Engineer: 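Quick one: structure below, then a few questions.
Predicted model, so just to flag it, every value in this text is computed and none were measured. Every number for a ligand or one of its atoms is a count from 1 in the order of the listing.
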Amino acid sequence: MFENLSERLSGVFDRLTKQGALSEEDVKTALREVRVALLEADVSLPVARDFVKAIQQKATGQAVTKSITPGQQVVKIVHDALIDTLRGSDDPGALRIDNPPAPILMVGLQGSGKTTTTAKLAKRLKEREGKRVLMASLDVNRPAAMEQLQILGTQIGVDTLPIVKGEDPVTIAKRAKTQAAMGGYDVYILDTAGRLHIDTDLIAQAAAVRDVAKPRETLLVVDGLTGQDAVNVATEFDDKIGVTGVILTRMDGDGRGGAALSMRAVTGKPIRFVGLGEKLDALETFEPERIAGRILG
Ligand code: GDP
């Protein structure tokens with residue numbers, strides 16, 4: 001489907017005069033191909049443009065080493081720059097959850113995979129870090145969402161806050177806090193309600209919960225296949241609620257991963273985890289190398 005960037009660039013450099021160092025003209029020509037590759041990987045146009053501009057200076061004048069072709073050399077420069085941009089922190093999976101019970105707030109649009117990701121994260125914290133986790137659904141709009149989380153909790157052996165009909169999200173958040181403290185839990189995860197679009201009610205509700213829960217981490221769950229939309233959603237949530245990290249779901253799909261680059265470049269927020277399937281262990285720490293490889297094709 002997509003021609004590999006390395007192959008594409010070898011073609012470009014075959015047409016150029018070989019010199020001892022990468023000339024400005026060589027680099028410019030090559031970076032045009034890089035920009036196309038980025039756009040095909042669903043990186044947004046302004047981000048692709050800025051990114052290419054930044055590496056243009058870096059690449060120009062670099063000595064062409066004998067061991068690799070100029071095409072491979074540009075790919076390596078681009079690859080390293082992608083990793084630099086994508087890497088939000090050295091250990092994206094390390095959440096600030098010392099000082100128990102630590103609240104984690106999960107936010108995102110309906111259908112982004114928020115409830116599934118809540119359970120995946122709980123399972124991971126329990127199994128890999130030996131944490132005692134409590135999960136609570138604050139989705140009073142959709143009673144089925146509360147039951148969904150309860151069922152997931154049973155599947156993974158993680159406790160959920162008992163459902164009390166008629167409570168509002170802030171009351172549930174307070175009850176979760178009390179229960180987490182009394183029950184000796186290390187972490188409690190609050191799964192907020194989602195909507196199809198961001199609206200003032202959704203934001204007001206999430207903000208009210210944030211104010212009482214004072215989350216140590218506010219993790220935004222976004223569908224990694226929605227490209228530029230995912231970035232817009234993240235920008236808005238971060239402006240209104242303030243997020244500490246992003247989880248990209250559906251990265252098992254055939255998207256090229258460009259949303260991850262746009263996400264980092266535009267919001268500046270670290271991507272912590274990626275969802276790689278519907279199974280409850282399909283959550284992995286974000287690895288910039290893997291996404292860089294995918295973007296370059
Ligand atoms: P919510 O409305 O945001 O809470 O979304 P759900 O957690 O109910 O997830 C919606 C659908 O997306 C479910 O069928 C999930 O199994 C599926 N899903 C969630 N994360 C992933 C993922 O990383 N990959 C795939 N392929 N499906 C996912």
Side-chain angles (χ1 to χ4, degrees), residues 42 92-93 104-125 127-128 133-156 158 160-161 163 169 172-173 176 188-199 201-203 205-206 209-210 215 217-227 229-234 236-238 240-241 243 245-260 263 270-287 290-291 294:
D42 208 14
I104 299 178
L105 188 64
M106 307 292 284
V107 294
L109 294 183
Q110 191 176 313
S112 59
K114 192 161 35 62
T115 302
T116 313
T117 305
T118 299
K120 285 178 176 178
L121 185 62
K123 185 172 193 286
R124 188 185 168 94
L125 292 173
E127 289 175 1
R128 301 210 186 184
V133 186
L134 176 70
M135 304 188 292
S137 171
L138 273 50
D139 193 345
V140 295
N141 309 328
R142 265 194 334 131
M146 295 191 160
E147 276 142 34
Q148 183 190 349
L149 191 67
Q150 202 171 40
I151 292 165
L152 293 173
T154 310
Q155 280 174 18
I156 59 175
V158 166
T160 44
L161 188 73
I163 298 172
I172 303 174
Y188 61 104
I189 311 180
L190 302 174
D191 181 18
T192 59
R195 299 276 164 85
L196 290 176
H197 304 284
I198 298 178
D199 59 27
D201 275 0
L202 173 75
I203 295 293
Q205 202 178 78
V209 169
R210 174 202 59 197
E217 298 276 0
T218 301
L219 302 176
L220 172 71
V221 179
V222 281
D223 183 340
L225 293 182
T226 56
D229 275 350
V231 180
N232 296 340
V233 164
E236 199 153 348
F237 266 101
D238 190 36
K240 308 267 166 59
I241 313 280
V243 305
V246 177
I247 302 179
L248 290 178
T249 61
R250 301 207 175 82
M251 295 301 275
D252 49 313
D254 56 9
R256 293 277 309 278
M263 184 69 77
I271 300 166
R272 309 293 205 116
F273 298 98
V274 292
L276 292 169
E278 301 205 30
K279 294 222 176 81
L280 295 173
D281 49 12
L283 182 76
E284 290 187 8
T285 315
F286 176 66
E287 284 176 27
R290 209 194 269 192
I291 299 292
R294 235 164 117 161

Engineer: Looking only at protein heavy atoms, which one is nearest to atom 6 (P) of ligand 1, and how far off is it?
Structural biologist: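 Here the closest protein heavy atom is T116 OG1, 3.4 Å.
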
Engineer: Considering the heavy atoms of L109, write down every atom of ligand 1 situated less than 4.0 Å from one of them.
Structural biologist: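 Under 4.0 Å from L109, ligand 1 has these atoms: 3 (O).
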
Engineer: Near K114, which atoms of ligand 1 are under 4.0 Å from a heavy atom of that residue?
Structural biologist: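 Listed by number with element: 1 (P), 3 (O), 4 (O), 5 (O), 7 (O).
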
Engineer: Please write down residue, atom name and distance for the protein heavy atom closest to atom 20 (N) of ligand 1.
Structural biologist: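 Answer for atom 20 (N) of ligand 1: K120 NZ, 3.8 Å.
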
Engineer: Just by distance, no angles: are the side chains of R124 and T285 close enough, under 3.5 Å, to form a donor-acceptor pair?
Structural biologist: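 Yes, side-chain donor-acceptor contact under 3.5 Å.
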
Engineer: With a 4.5 Å cut-off on side-chain heavy atoms, are M263 and V222 touching?
Structural biologist: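 In contact.
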
Engineer: Against heavy atoms of S112, which atoms of ligand 1 measure under 4.0 Å?
Structural biologist: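 The list of qualifying atoms is 3 (O).
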
Engineer: Considering heavy atoms of the protein only, find what lies nearest to atom 26 (N) of ligand 1 and give residue, atom and distance to 0.1 Å.
Structural biologist: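 The protein heavy atom lying closest is D252 OD2, 2.8 Å.
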
Engineer: Can you measure from CD (Q148) to OG1 (T160) and round to the nearest 0.5 angstrom?
Structural biologist: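 Spacing of CD (Q148) from OG1 (T160) equals 12.0 Å.
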
Engineer: Hey, are the side chains of L109 and L202 touching, using non-hydrogen atoms and a 4.5 Å cut-off?
Structural biologist: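 Sidechains of L202 and L109: in contact.
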
Engineer: So which protein heavy atom does atom 16 (O) of ligand 1 come closest to, and at what separation?
Structural biologist: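 In this structure, atom 16 (O) of ligand 1 has E278 OE1, 2.9 Å as its nearest protein heavy atom.
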
Engineer: With rounding to the nearest 0.5 Å, note down the distance linking CG in L134 to CD1 in I189.
Structural biologist: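 Answer rounded to 0.5 Å: 9.0 Å.
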
Engineer: Return yes when G194 approaches ligand 1 closer than 4.0 angstrom through a heavy atom, no otherwise.
Structural biologist: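 Contact absent.
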
Engineer: Can you confirm whether K120 sits close enough to I156 that some side-chain heavy atom of one is under 4.5 Å from a side-chain heavy atom of the other?
Structural biologist: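 They are not in contact (no side-chain heavy atoms under 4.5 Å apart), so the answer is no.
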
Engineer: For the backbone of V243 and the side chain of D238, can you confirm whether one donor and one acceptor N or O come within less than 3.5 Å of each other?
Structural biologist: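 It does hold such a pair.
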
Engineer: Say you draw a straight line from NZ of K123 to CG of L283; how long is it, rounded to the nearest 0.5 Å?
Structural biologist: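 Here the rounded value is 10.5 Å.
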
Engineer: Which heavy atom of the protein is the closest neighbour of atom 8 (O) of ligand 1, given with residue, atom name and distance?
Structural biologist: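 Checked against all protein heavy atoms, atom 8 (O) of ligand 1 sits closest to Q148 NE2, 3.1 Å.
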
Engineer: Against heavy atoms of G275, which atoms of ligand 1 measure under 4.0 Å?
Structural biologist: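 Near G275, meaning under 4.0 Å from one of its heavy atoms, ligand 1 has 23 (O).
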
Engineer: Distance to 0.1 Å, residue and atom name: give those for the protein heavy atom nearest to atom 2 (O) of ligand 1.
Structural biologist: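 In this structure, atom 2 (O) of ligand 1 has G111 N, 2.7 Å as its nearest protein heavy atom.
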
Engineer: Closest by any non-hydrogen atom to atom 12 (O) of ligand 1: pick that one out of R142, R250, E284.
Structural biologist: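 The nearest heavy atom belongs to R250.
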
Engineer: Any atoms of ligand 1 less than 4.0 Å from a non-hydrogen atom of L276? List them with their elements.
Structural biologist: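 Counting from 1, the qualifying ligand atoms are 23 (O).
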
Engineer: Report yes if the side chains of L121 and M106 come closer than 4.5 Å at any heavy-atom pair, otherwise no.
Structural biologist: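 Of all side-chain heavy-atom pairs linking M106 with L121, at least one is under 4.5 Å.
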
Engineer: Relative to atom 22 (C) of ligand 1, which among G108, G113, G277 owns the nearest non-hydrogen atom?
Structural biologist: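 Considering heavy atoms of G108, G113, G277, the nearest to atom 22 (C) of ligand 1 sits in G277.
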
